[in-house]
Amino acid sequence: MRTDTAKPVRLKDYRVPDYLIGKADLDVKLHPSATRVGVRLAIRPNPRGCPNAALVLDGDGLTAKRIALDGQVLDLQKTAAWNGFITPDALTLNAPPQRPFILEVETEIDPSANTQLMGLYRSGSAYCTQCEAEGFRRITYFLDRPDVLSVYTVRLEAEIGEAPLLLSNGNKIASGKIGGTTRHFAIWHDPYPKPCYLFALVGGGLGSIFGDFTTRSGRKVKLGIHVEHGKEPQAAYAMDALKRAMKWDERVYGREYDLDIFNIVAVSHFNMGAMENKGLNIFNDKYVLASPATATDTDYAHIEAVIAHEYFHNWTGNRITCRDWFQLCLKEGLTVFRDHAFSADMRSAPVRRIGDVRTLRAQQFSEDAGPLAHNVRPETYMEINNFYTSTVYEKGAEIIRMLKVLIGDDAFYKGMDLYFARYDGTAATIEDFIACFADIAGRDLTQFSRWYSQAGTPLLEVASSYDADAQTFTLDLAQSCKPTPGQDKKEPFVIPIALGLVAPGAGDIPLRTGGDAGASGAELASGIIELSSPRRRITFRDVPCRPVPSLLRGFSAPVRLDYAASEADLLTLIAHDSDSFNRWQAAQTYATRLLQRSVASIRAGEAPYRDKDFLAALGTVIDTNADPAFVAQVIGLPGEADIAREIGEDVDPDAIHRAHDALAEDIGKERQETLLAAYWRLAPEEPYSPDAGPAGRRALRNAALAFVAAGDKAEGAALAMRQFESTSTMTDKFAALCVLTRITGQEREDALQAFYAAYENEPLVIDKWFALQAAIPEHGTLARVRALMQHKAFSCKNPNRLRALAGSFAAANPTQFNAGDGSGYDFIAGLVLDLDVKNPQVAARLLSAFKSWWILEPQRRSLAGAALQRVACAASLSADVKDIAERSLAH
Ligand code: 0A1
Ligand code: ZN
């Protein structure tokens with residue numbers, strides 16, 4: 001484990017590599033505890049680098065067994081004789097040849113002892129690798145940086161019985177038995193130069209399904225998905241999603257796949273979601289495996305999105321990679337943007353947009369408002385693993401979306417074509433990327449690029465006034481952004497504001513301006529107003545009646561909006577806005593306002609606030625013929641964490657929880673008839689289909705069930721129990737179990753037992769079982785979680801399981817994680833310390849659950865701070881955990 005001696009890495013210190021590695025030939029003999037890795041590197045001085053520089057190859061915990069330079073074996077005991085140095089973490093040649101040369105290195109590694117799940121490790125009995133960001137150096141010494149691109153040829157050898165399947169990047173060029181032994185080999189060649197973080201190998205006994213895809217230029221591609229034996233049928237949906245993603249990238253971006261084979265391997269032990277290794281994606285199996293009986297509709301949607309995400313990286317990440325890790329958003333933001341667009345095309349675009357914005361606000365806005373806030377393109381880091389954040393990914397995607405809105409679709413796709421043409425086969429920067437769009441659109445994007453270099457969520461304040469005599473409507477727009485760590489003052493952003501003026505009952509009023517407070521013709525035509533200065537006033541003319549402004553349609557910019565719409569205005573928008581996103585937004589704004597008022601009442605010792613108009617509006621929405629998936633979103637209340645973020649200071653999670661419960665109860669009571677009618681109207685259709693239509697019906701039906709139960713426990717429990725017992729579809733079964741777990745009593749325990757017994761052999765379902773219990777908002781939950789850690793199905797070594805139990809407790813149970821006595825904080829802090837020794841990456845992620853600790857009321861804040869201190873002060877922390885603990889405390 002690399003510990004705390006690390007120094008910060010800074011963008012401004014970037015220098016081109018002094019040496020390049022043109023070819024890397026690997027020879028890997030797999031063994032559970034003593035895998036031999038031989039590499040033969042064709043190295044040459046970089047003409048753009050510093051002549052005569054030392055060559056320092058990165059390592060991480062390596063043991064070299066043999067080194068040879070141009071065929072000459074070097075004595076490992078006498079490093080001075082060849083003017084070099086070897087440690088587990090570096091192999092240095094102080095005076096390497098100043099011409100092309102060959103360096104051969106053999107190392108021995110122990111995949112079974114690799115609990116960090118970085119480098120070569122074992123998941124069950126399979127061998128697999130994870131090299132992003134800096135895992136390749138745990139396999140062999142190398143220039144482990146993304147701007148060193150090499151052509152790889154990989155020979156794998158293993159016992160046939162232990163690893164009948166041998167995979168690596170690229171195309172398979174040879175394979176066979178090794179005569180007179182029980183061993184076999186396979187040789188893989190990847191013709192596309194790539195950085196070592198995209199290297200992968202897999203060995204094991206896996207079950208496979210195969211498919212075919214013919215690219216539009218006629219290349220026949222063999223597709224393989226490899227999963228645990230017996231789970232092959234559960235990979236069918238992933239295969240289907242892969243083919244759709246391949247077709248979509250051809251149709252929308254003109255990008256074809258470029259090898260003869262594309263493999264996906266699903267493993268049960270994985271630190272993140274999935275990895276885009278060239279031609280050999282490795283996945284957390286939760287993003288591959290699905291059947292109607294084991295996966296929910298949400299699981300299916302995630303599989304579709306993650307399969308597409310990793311596939312899309314083939315062009316945005318692999319063919320064009322990042323110059324350095326500061327440019328991570330170059331591949332991640334862009335690829336998330338692409339996978340969002342794909343999912344929107346596959347499903348209902350407005351519903352997807354609402355889902356994406358919910359995620360953005362829940363994760364990225366809270367990160368951006370707290371001590372872990374950072375630029376989408378950071379300028380310094382202690383540990384790169386900690387920068388795989390929602391800021392880099394989700395806000396990174398929002399920036400691309402704004403760019404497209406600002407320059408228009410045509411210029412956007414032309415800019416993308418230019419980017420592919422200019423940078424194919426290279427390692428690029430954000431400046432390179434942005435310049436393509438500036439060139440195509442003929443527009444200076446310098447100010448726009450501040451989205452990459454300034455952290456924090458801008459606040460957009462809007463005020464309006466209507467002059468009935470003059471028939472004018474004036475909007476005053478102002479932007480500001482609070483300081484974030486290391487950035488006290490912010491310069492104005494370029495904020496695209498998609499705008500409409502809604503005339504109650506009569507649709508949108510045409511946008512017309514004139515005079516000083518005008519808008520450009522392009523702005524009026526597109527309905528996109530650009531705010532690039534601190535303030536701007538726009539007066540619209542020919543406005544016959546006071547309109548309701550519909551601001552930030554489609555959530556055109558990742559900002560917080562402060563506009564004092566009246567409740568009547570919000571009701572108008574819920575009913576009449578032509579932009580579905582803003583219909584949903586108006587309902588959210590209304591609910592948020594209500595909940596905030598309720599929290600204040602509860603804290604003042606009064607009853608929760610109630611509002612009949614809102615309940616009536618929700619009832620009307622449920623009764624409409626609108627898409628059920630959309631209706632489910634409109635009636636879905638903002639989460640407790642959303643309310644906490646809106647309140648922003650002196651937060652009392654118990655009061656928020658009570659307010660939330662009270663509103664749900666009110667809706668359930670007041671609208672019981674409508675909800676029950678919807679529940680029965682939307683009865684399930686057979687056979688099950690994961691498509692958006694039927695999934696939306698289930699979403700609304702189950703939302704109705706939850707409200708009914710919130711309003712009337714007995715009625716809800718009876719309905720839920722009937723659904724739980726009669727359905728074999730996981731979406732409906734799990735939704736019913738969620739409802740049952742919120743009602744204390746023996747029925748709940750029996751249902752949980754029955755669920756466990758039915759799915760004992762389905763690990764991904766058992767993860768849900770753990771997660772659900774960890775999220776019960778009751779005093780006894782911490783004890784339950786502690787007891788579940790002793791359960792025979794629990795293991796800290798499996799990141800999915802750990803996230804299911806401890807991760808859900810910390811992230812999805814605000815009242816118990818933030819228990820007033822500090823017990824939740826102590827529990828997570830203790831667990832982080834235990835886990836840090838085994839898997840620092842997962843430990844650090846768990847610790848980031850404290851990211852909003854500073855908004856809590858004083859007592860909880862001091863308890864959370866003390867728990868963070870305890871972590872920060874512990875002896876021999878990993879760089880990962882130390883970094884998160886210290887940044888969290890620095891606020
Ligand atoms: N590039 C991957 C994310 C990823 C990053 C680090 C990992 O290390 C454990 C794994 C995956 C993606 O964006 O999908
Ligand atoms: Zn990615």
Side-chain angles (χ1 to χ4, degrees), residues 2 60 114-121 123 128-139 144 146 169 194-200 202 238 241-242 245 249 264-288 302-322 325 327-343 363 376 381 383-397 400 797-800 802-803 838-846 878-880:
R2 281 179 290 159
D60 182 358
N114 184 348
T115 58
Q116 292 186 34
L117 314 187
M118 288 295 283
L120 176 69
Y121 68 93
S123 174
C128 64
T129 53
Q130 172 56 40
C131 294
E132 188 177 5
E134 295 176 337
F136 193 69
R137 61 181 69 182
R138 291 166 56 80
I139 298 174
D144 190 352
N169 315 93
K194 65 170 176 286
C196 66
Y197 82 84
L198 291 172
F199 167 85
V202 168
L242 174 61
D249 215 14
I264 291 177
V265 173
V267 297
S268 55
H269 290 66
F270 201 75
N271 282 350
M272 310 272 272
M275 179 64 210
E276 70 262 22
N277 318 296
K278 180 82 190 186
L280 174 55
N281 289 184
I282 298 182
F283 270 62
N284 185 326
D285 58 5
K286 81 186 259 199
Y287 295 118
V288 173
H302 283 154
I303 290 170
E304 180 177 81
V306 180
I307 290 273
H309 179 96
E310 305 310 329
Y311 175 72
F312 294 158
H313 267 314
N314 191 52
W315 276 94
T316 49
N318 300 4
R319 287 287 288 255
I320 305 179
T321 193
C322 304
W325 289 122
Q327 319 296 329
L328 187 56
C329 59
L330 177 71
K331 72 178 179 81
E332 296 305 347
L334 180 54
T335 305
V336 170
F337 172 76
R338 277 154 47 73
D339 85 56
H340 281 179
F342 168 75
S343 293
Q363 291 169 16
V376 172
Y381 61 77
E383 175 51 68
I384 187 59
N385 288 334
N386 289 338
F387 282 84
Y388 289 79
T389 58
S390 55
T391 296
V392 169
Y393 275 64
E394 269 77 33
K395 188 172 177 184
I400 314 263
K797 290 200 183 127
N798 182 317
N800 283 355
L802 187 94
R803 282 186 286 253
K838 298 191 194 85
N839 190 333
Q841 231 179 75
V842 172
R845 232 162 230 272
L846 184 58
S878 68
D880 307 55

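As the structure lists them, so they are numbered: ligands from 1, and atoms in each ligand from 1. Quick caveat, the model's predicted, so the values are computed rather than measured. Numbers here are sequence positions counted from 1.
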Which class fits the ring pair Tyr381 and Phe387: parallel under 30°, tilted 30 to 60°, perpendicular over 60°?
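It falls in the tilted class, 30° to 60°.
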
Any idea how Tyr393 and His309 line up, ring-wise: parallel (<30°), tilted (30 to 60°), or perpendicular (>60°)?
parallel

For residues Asn271 and Gln841, is any side-chain donor paired with an opposing acceptor at under 3.5 Å?
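A donor-acceptor contact under 3.5 Å links the two side chains.
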
Classify the side-chain pair Arg319/Asn314 by whether it contains a donor and acceptor separated by less than 3.5 Å.
no

At what distance is the nearest protein heavy atom to [atom], and which residue and atom is it?
atom	result
atom 3 (C) of ligand 1	Tyr393 OH, 3.3 Å
atom 11 (C) of ligand 1	Ala274 O, 3.2 Å
atom 14 (O) of ligand 1	Glu310 OE2, 2.5 Å

With Lys395, which residues qualify under side-chain hydrogen bond (donor to acceptor under 3.5 Å, both in side chains), at least two apart?
Asp368

As an exercise, identify every atom of ligand 1 less than 4.0 angstrom from a heavy atom of [X].
X	value
Glu132	1 (N), 2 (C), 4 (C), 5 (C), 6 (C), 7 (C), 8 (O)
Glu276	1 (N), 2 (C), 12 (C), 14 (O)
Lys331	1 (N)

Which is it for Gln130 and ligand 1 at heavy atoms under 4.0 Å: side chain, backbone, both or neither?
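Within the 4.0 Å criterion, Gln130 contacts ligand 1 through side-chain atoms alone.
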
Going by heavy atoms in the side chains, are Met275 and His313 under 4.5 Å from each other?
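When only atoms from C-beta onward are counted, His313 and Met275 do not touch, as no gap falls below 4.5 Å.
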
Shortest heavy-atom approach to atom 5 (C) of ligand 1 - which of Phe270, Tyr197, Tyr388, Phe283
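Looking at heavy atoms only, the winner is Tyr388.
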
Is the distance from the Zn ion (ligand 2) to the nearest N/O/S atom of Glu332 under 2.8 Å?
yes

